[in-house]
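A, B, ... follow the sequence lines: proteins, then strands. Residue 1 opens every chain. When reading the values below, keep in mind they use all heavy atoms of this one structure, side chains included, and skip hydrogens, waters and symmetry mates.
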Number of protein chains: 2
Amino acid sequence: MAVTIKEVALLAGVSTATVSRVIHNHDRISDSTKQVVRDAMSQLGYIPNAAASSLAGKNPKTIGIVLPNNPGELFKNPFFINAMRGISVYAQSKGYFLLYSFSRDEQEEIDFIQNYIRSGWVSGIILLASREHDRCVEYLNSVSFPFVLIGRPEDPQHTYWVDNDNFQAMYQVVNYLIDKGYRKIGFVGGPPTFRVTYDRMTGYRQAMNNRGFFPEDSMVFQGDDFSEESGYLGAERLLTLNGLDAIATTDDQLAFGVLEKLHKEHREDIAVTGFNNTVRGTYQHPGLTTVDVNADQLGERAAQLLINLLEQQTSNHQIITPNHYLVETQLIPRDTA
Amino acid sequence: MAVTIKEVALLAGVSTATVSRVIHNHDRISDSTKQVVRDAMSQLGYIPNAAASSLAGKNPKTIGIVLPNNPGELFKNPFFINAMRGISVYAQSKGYFLLYSFSRDEQEEIDFIQNYIRSGWVSGIILLASREHDRCVEYLNSVSFPFVLIGRPEDPQHTYWVDNDNFQAMYQVVNYLIDKGYRKIGFVGGPPTFRVTYDRMTGYRQAMNNRGFFPEDSMVFQGDDFSEESGYLGAERLLTLNGLDAIATTDDQLAFGVLEKLHKEHREDIAVTGFNNTVRGTYQHPGLTTVDVNADQLGERAAQLLINLLEQQTSNHQIITPNHYLVETQLIPRDTA
DNA sequence: ATTAATTGTGCAAACGCTTACATGGCATCA
DNA sequence: TGATGCCATGTAAGCGTTTGCACAATTAAT
């Protein structure tokens, strides 16, 4: 059917072994032969059979992506599709294929990962769902299969990951607010067990301190989750304070809850910021000032990290790649601050 | 490394051929042997090596998905991610893997398709980008590789495809408007060369006629594209008519343009409907009455169609599957109508 | 001038699975 | 009882690549 390595070999007048070596840029092949073989390949439109090469023990040049199946979140937040696009940009430029699957729950995620690995289809995996105590990470570590996490892992030293610099991001937000003249800035975050909450809160505290403000604990609210309800609750709490003029949140959903409460109390004068640049914040009135996490970049970097890892594994050049990247966020000023 | 068919055969006390036959449910294997083999498989946690099975000439059980890389559209419209999820629901239940790629332009789409096919990775393809004169469709036909189109093809008789019943959908919208008391309903559509425009316009006309209204041509506007600008222009044109009380559009973007013009002219009394249920329409004020195209379902059906096709091809049971599915749309009433 | 090391290439086995063909056992029929 | 046919399973070749090993040709070292 399709063109095989044999036909290329025949046309180039060499053995299949040589063709294979040319494909992989083996260093013991003379430049002249390389040229001849390459000409033959392009003349025939040869594309290696991925199944065969994978079977013969090579990097299948395919990356598996595991997504959480959270319809609500998927819909509200362009994060996933953008991350997938980012991954594809880099992976495709390196000739990698991409496999994806949505999973209903953690168990299914693990099942899919097992399938990916055992089936021999993929050479590495990117996880897009960072949970607190991630069994997928555990599993992948236990079988020591190459993977990259989008999000911050529990063990940042021994895991490959990409994430935003959450400290820096919130630091920026608070400085922006102070620059705009706000002084008494409250904080509404998600559960304190999440690393992301901690990092953003630290950024908030640091920024305040550096500018000469020292928020008491009552100005910091941490909800049980990242929901609107928690935001609403947080606003309720913070409104008991005197002179509050701004609320920085760690998530758009929280921010929406905050806005709702503020609206109810006719305190629209209070500034609000969110996080994640969800679509609702873009189109609602007033537009929500928020932070874009640059999902595209996160995806691209994740792919880069993984592919580096894979290629480095194959070759014996010991170029030590970093084990993580921090991707810049971008403040999106809109009406609420 | 992983468990192979040999180990299963050894444990079950049969040959590898028998194991293979059990996997594929060959009918000449006795029930008792089947049971023994299945037990062995599950005991060892055996998962067939996809590369090997694909190489040996079997259906690789992998579907390639080609997406357009249109950042703006991707962001505004949850269509793509939902369709991908829909595909994954069905495909995963049938044990199929999914490959995806975003392409920058038509040429790249074709390149990716070639890669998919020549590499032997995929057994079938789903196209999510239906254009007017689709070279991908042409190419796939020319090499007669199994594929399904999401959207209406040029040759609906000899292509596998899924789509909404666009006629029906717009018919419904217009009836809804008439039921709500609107009488002089204008139409703003995209370019008339698109089949979807034609179908929806026909639905509009038919519904009007059936209820005793006979819109003159001046009540029908067809833009050069599906943009807000075209919508704006359309509204401008229609506003010259007397007594207009509603505008049905074929796309949310068009609707947004229409709303803008109406707002400018303080004619918010005029009802407006969109199409596609984009996120902006959900969150803006006033909320846009629109039609959800059920992207999930479209994806699921597309996967179903393709997998049926593939399995039917393999086995010689000649169950003739339909060559297309029409997926129901859903009217989403909100503020603008 | 001999030997040793290096370079460029080919040979052939191996990867894990499928499947056409072969085979032995059993039931059926005359 | 022997021939016939079917049923359940085994044998082995082959799918397209990769790669360790072998080997011839060249270069370097003595």
Which residue lies toward the 5' end of DNA chain D, A:Pro48 or B:Val14, if each is placed at its nearest nucleotide?
B:Val14

For D:dT9 and B:Ser30 - does any side-chain N or O of the residue sit under 4.0 Å from the phosphate oxygens OP1/OP2?
yes

Figure out the CD/P separation between B:Glu7 and C:dG16, and round it to whole Å.
9 Å

Identify the two heavy atoms, one from B:Gln92 and one from A:Phe112, that lie closest to each other, and give their separation to 0.1 Å.
OE1-CZ, 2.9 Å

Answer with base, sugar-phosphate or nothing: what part of the nucleic acid does B:Val19 contact at a heavy-atom distance below 4.0 Å?
nothing

Would you indicate, yes or no, if C:dC17 has its OP1 or OP2 atom less than 4.0 angstrom from a side-chain nitrogen or oxygen of B:Ser53?
no

Between C:dG16 atom C1' and B:Ile23 atom CD1, what is the distance in whole Å?
10 Å

Expressed in angstrom and rounded to an integer, what is the separation of B:Ile5 atom CD1 from D:dT11 atom C1'?
14 Å

A:Asn25 CG to D:dT19 P, straight-line distance once rounded to whole Å:
14 Å

Are B:Asp111 and B:Gln107 linked by a side-chain donor-acceptor pair shorter than 3.5 Å?
yes

If you take all heavy atoms of A:Thr62 and A:Tyr96, which pair is closest and at what distance?
N-CD2, 3.8 Å

Candidate list A:Ser54, A:Ser123, A:Ser53, test side-chain hydrogen bond (donor to acceptor under 3.5 Å, both in side chains), partner A:Asn59, passing option:
A:Ser123

Results of ring-ring contact (aromatic ring centres under 6.0 Å, His included) for A:Phe147 - residues two or more places apart only
none

What's the closest nucleotide to the B:Arg28 side chain, out of D:dT17, D:dC7, C:dT9?
D:dC7

Please produce a list of atom pairs where a protein N or O lies less than 3.5 Å from an N or O of nucleotides 19-28 of chain C.
{"unit_1": "C:dA20", "atom_1": "N6", "unit_2": "B:Arg21", "atom_2": "NH2", "d": "2.9"}

In whole angstroms, the gap separating P of D:dT19 from CG of A:Asn59 amounts to 11 Å

Tell me: CG of B:Asp27 to P of D:dC6, nearest whole Å?
15 Å

Length of the NE2-P vector between A:His26 and C:dT7, whole Å
12 Å

Indicate whether the side chain of A:Gln304 and that of A:Arg301 have a donor and an acceptor atom separated by less than 3.5 Å.
yes

Nearest-Å distance, NZ (A:Lys61) to C1' (D:dT17)?
15 Å

Side-chain donor-acceptor pair present, B:Asp39, B:Gln35, cut-off under 3.5 Å:
yes

Pairing donors with acceptors under 3.5 angstrom, does anything connect the side chains of A:Ser101 and A:Tyr116?
yes

Interface residues of residues 33-43 of chain B with DNA chain D (non-hydrogen, below 4.0 angstrom):
B:Thr33

About how many Å separate CG of A:Leu99 and CG of B:Leu98, when rounded to the nearest 0.5 Å?
7.0 Å

